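So that the names make sense, note that chain A is the first sequence line, chain B the second, and so on, each numbered from 1. The analysis underlying the following values was restricted to heavy atoms, covering all of them including side chains, and did not include hydrogens, waters or symmetry mates. Remember, predicted model here, so these are calculated numbers, not experimental data.
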Amino acid sequence: MATGLNAEQHSAVKTLNGPLLVLAGAGTGKTRVITFRIAELIQSGITPSRILALTFTNKAAKEMRERAMKLLGKRPRNILPPEISTFHSLCVRILRRHITRLGYPKEFVIYDRGDQEALARNALRDIRVGQEKLRPSDLINKISGWKTLSVSPSKAVDVSTDDKDQLAAAAYVRYQAALKSSGALDFDDLLMLTEELFEKFPEVRFAESSRHDHVLIDEYQDTNGLQYRIVKHLAQAHGNLCVVGDDDQSIYGWRGAEVTHILNFARHWPKAKVVRLQQNYRSKAAILELANTLIVNNKSRHDKQLFAEREGGAAPRFIRFDDETKEAEEVVRDVRDQLTPSSDRPRVVPSDIAILFRTNEQPRVFELELRRAKIPYVIVGGLSFFDRKEVRDIMAYLRVIANPKDELSLLRVLNTPPRGIGTGSIETLLEHAVEKGVPLWTVLGASLTHPDIGHHTGERIVQFQNLMLSFQSQLGKGSLADLAKELLSSVNYKAELERTYKTATEIESRTASLEELVNSLAQYEQQAENPSLLGFLEEASLTSKDDYKDEDENKKKNALTLMTLHSAKGLEFPHVYLVGVEEGIMPHRRSLLEGTVEEERRLCYVGVTRAQDHLTISFCKERMKWGKARACIPSRFIMEMRGDNEKAERVAQAALEQFTKEKHEEEERKAPKKVSKKASSKAKKPASPAVKKKA
DNA sequence: CCCTGCGCTTTTTTT
DNA sequence: AAGCGCAGGG
């Protein structure tokens, strides 16, 4: 079975029992080892379904599933396959079985990042401490951090000492209350409640941990505290836990991932066997050398040195451009050159090429150029299908139909498209609902008799509710795709699009995404064993959006890839363009101020080690920011890769100086307001960080 | 209640 | 540059 493996890989694959830590450097055949190991376990007589393999993305899970199946060949249909899924999907399955014990409904919905933003925005409304305020995204990160530590809202209020934390804690209380009353869970809840179940109910822990005899985890360096504890529960009984990862590729520290989990694995599992994979099969020596030179600048890491199996290779290019437009133009021109058939080198197709960047705003310019050059491309992540306004609208309708308690969605669709239900009436209803302590949905009917709501408006609200009710009664009867189509026509959404958007192309593209939504419903119904609206919604929020709408798989197969470094982890391409390698972007300015440059360096390392044959690193002299051109400093990582540490040091100094100065300027800009406001306001703000709420 | 337009803020990565 | 909130006219 295990053929073509080197000695280290062989050892990892053949160690079937007990704890096993595989420290696998970039490009050392990590995925191969996991899949071979799964196959080996099955060969040795383990029932496939008793194996649980966990990944961080659906894409990785899907790929692993396919590879394992291929390795195993045809299996009788009545034998269940190994369970290969993401942490989050696993938790959803566990919760669906036991969550009622925690007082949550079995039919919970999952709120994604967009919903979280909306909730956070609401929760922060009217909350401030003096002049301090919090951005929704910061609140979300903060809450996520608390949840990772299993800190409840009330506990957060207790433990918060500084102003910002107190403020966040107050918002956390509201945020969590809103989630609960909507019958919704966010991503962190999925993990947190699973742990709670395991802690509170030994029988649940027993039942769930008895389902498997072997647990494997990919990208272990990115596990956070919750995931770590869940895994511990799952593997405690049998101890057959195999984790695979690379501390140099830990790039999710901001999400609570702790490298210590992988660094201390041998301590937590004293019997653990440790295997190191250090032979890199992916990159040409010239590229790997660059990566090695870069990463040794990190102080906290397992000391290791990767060896290139593929000698030589073209020297990586470092190119400077005038600005981001030039960068996109020239990179795309270079891509086109590469794609042009030539007799003196092997053929290159778009799917051999990836353009990698740090932030999600960077691809815009590249998209434009690629379209102009007629090169097929896919953008991974970023503004995805499910983030488009029209799709979110319709999804909100579907959610209200599936779960009328979902207040966020209800508020979104109540007057979308405009149907004469104004903010005034909605406020009144909300107050009424809060008074009675029931969901907003329940009081909709009362709007006809409510003194503060006009008769006309009341009628329209009831009409809306009846429409939703009629769709609810259709659930389980006909096809979901048909229901969605009917929904679109009965709320006249297309007319709304035509009214809102001016250009024909925009209307067309928005209409197209609605069609796509209907198609994905149809597709879901076809492939799901037991299709339900709730099931579709669950899949839509959990599945990383890109592999979700695989409508034209073929087109995708031949497309160039645009993606962030975070999304690129685990992938490889013959040609890689790493763009925007400048101080402030990579390392990101925020990391400089927060002292997390080492993680940025690992990010850069991940980028460099994605390349198999050709690597191009580029940076700009200046870049547009908020409509203004700003000078850019080439990243210290570039100097480090070239071995000029002195210059890197100077650059680091200069960048830190510049960004701290900017930060000060920003604060200055805000300060005068503070003074004038204080002067003009009648009552002075409380000195203690008391949370002010408007009634 | 709906729409438009003005001014103000925006600064990361993702399941 | 772009999205959001808010004020003011229909």
Side-chain angles (χ1 to χ4, degrees), chain A residues 54-61 85-92 110-114 116-118 121 125 133 135-138 140-141 144 147-148 185-191 219 222-224 226-227 250-257 324 356-362 364-365 380-384 387 389 415-426 453-454 456-457 460 499-500 541-546 563-569 580 584-594 596 599-600 602-603 606-607 623-630 659 662-663 666 669-670 673:
Chain A
L54 295 173
T55 61
F56 279 77
T57 64
N58 280 286
K59 205 167 161 190
S85 81
T86 62
F87 266 99
H88 288 83
S89 303
L90 172 79
C91 290
V92 168
I110 300 161
Y111 273 8
D112 66 14
R113 175 68 197 214
Q116 283 183 282
E117 294 245 349
R121 213 179 297 275
R125 193 156 290 165
K133 54 176 188 170
R135 267 190 295 269
S137 62
D138 286 338
I140 294 169
N141 284 342
S144 174
K147 289 189 176 179
T148 305
L185 305 183
D186 69 10
F187 290 125
D188 298 303
D189 285 342
L190 298 176
L191 303 175
E219 310 284 9
D222 289 324
T223 31
N224 67 26
L226 272 171
Q227 290 163 328
S250 163
I251 54 177
Y252 283 96
W254 51 274
R255 204 169 80 181
E324 79 274 16
L356 308 181
F357 36 83
R358 174 67 176 85
T359 69
N360 275 317
E361 56 160 11
Q362 287 171 266
R364 299 176 103 114
V365 233
V380 177
L383 244 205
S384 80
D387 291 328
K389 185 188 173 303
N415 198 34
T416 310
R419 53 170 72 87
I421 305 173
T423 42
S425 311
I426 293 175
I453 295 173
H456 218 57
T457 311
R460 284 187 279 229
R499 194 181 62 85
T500 325
S541 42
L542 277 184
T543 312
S544 75
K545 341 262 169 161
D546 318 286
M563 64 182 157
T564 63
L565 292 163
H566 283 88
S567 317
K569 198 178 62 167
I585 293 186
M586 209 165 102
H588 194 273
R589 51 184 304 145
R590 226 160 145 165
S591 74
L592 301 187
L593 303 169
E594 288 169 10
T596 51
E599 182 153 308
E600 299 287 307
R602 292 194 289 269
L603 208 42
V606 166
R623 184 176 288 273
M624 290 290 266
K625 187 148 211 190
W626 304 330
K628 267 193 213 150
R630 284 163 160 260
F659 294 137
E662 277 174 21
K663 203 182 164 193
E666 200 180 304
R669 230 186 40 231
K670 280 179 190 164
K673 256 197 238 157

Counting heavy atoms not belonging to Glu361(A), are there more than 12 under 6.0 Å from its CD?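 Result for CD/Glu361(A): open.
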Is a side-chain N or O of [X] found less than 3.5 angstrom from the main chain of [Y], in a donor-acceptor match?
X	Y	result
Asp189(A)	Asp186(A)	yes
Asn141(A)	Trp254(A)	no
Arg460(A)	Ile421(A)	no
Ser144(A)	Ile140(A)	no

Of Arg460(A) and Ile140(A), the one whose closest DNA chain B nucleotide lies more 5':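 It is Arg460(A) whose nearest nucleotide is closer to the 5' end.
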Taking for each residue the nucleotide of DNA chain B with the nearest heavy atom, is it Arg419(A) or Glu600(A) whose nucleotide lies nearer the 5' end?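 With Arg419(A) and Glu600(A) compared, the 5'-side residue is Arg419(A).
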Atom-to-atom span, [atom1] of [X] to [atom2] of [N] - whole angstrom:
X	N	atom1	atom2	result
Glu662(A)	dT10(B)	CD	P	15 Å
Asp189(A)	dT15(B)	CG	P	18 Å
Asn360(A)	dT14(B)	CG	C1'	9 Å
Asn141(A)	dT11(B)	CG	C1'	13 Å
Tyr252(A)	dT12(B)	OH	P	16 Å
Glu219(A)	dT15(B)	CD	P	12 Å
Arg113(A)	dT14(B)	CZ	P	10 Å
Arg121(A)	dT9(B)	CZ	P	15 Å

Residue [X], side-chain atoms from C-beta onward, closest of [options]:
X	options	result
Arg135(A)	dA2(C), dT15(B), dT11(B)	dT11(B)
Ser567(A)	dT14(B), dT11(B), dC3(B)	dT14(B)
His588(A)	dT15(B), dT11(B), dC2(B)	dT11(B)
Asn415(A)	dC2(B), dT11(B), dT13(B)	dC2(B)
Phe187(A)	dT11(B), dT15(B), dC1(B)	dT15(B)

What contact category does [X] fall into here, base, sugar-phosphate, or nothing, at under 4.0 angstrom with non-hydrogen atoms?
X	value
Ser425(A)	sugar-phosphate
Leu603(A)	nothing
Arg602(A)	nothing
Glu361(A)	nothing
Phe87(A)	nothing
Asp188(A)	nothing
Gly424(A)	sugar-phosphate
Phe56(A)	sugar-phosphate

Is it the case that the base of dT11(B) and the side chain of Arg590(A) share a donor-acceptor contact (distance under 3.5 Å, atom types as modelled)?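 By the distance-only test, no, there is no pair.
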Please work out whether the ring planes of His566(A) and Tyr252(A) are parallel, tilted or perpendicular, with thresholds of 30° and 60°.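 Taking Tyr252(A) first and then His566(A), their aromatic rings stand perpendicular (interplane angle over 60°).
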Can you tell me if the side-chain N/O atoms of Ser591(A) get under 4.0 Å from OP1 or OP2 in dT12(B)?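 No, outside the criterion.
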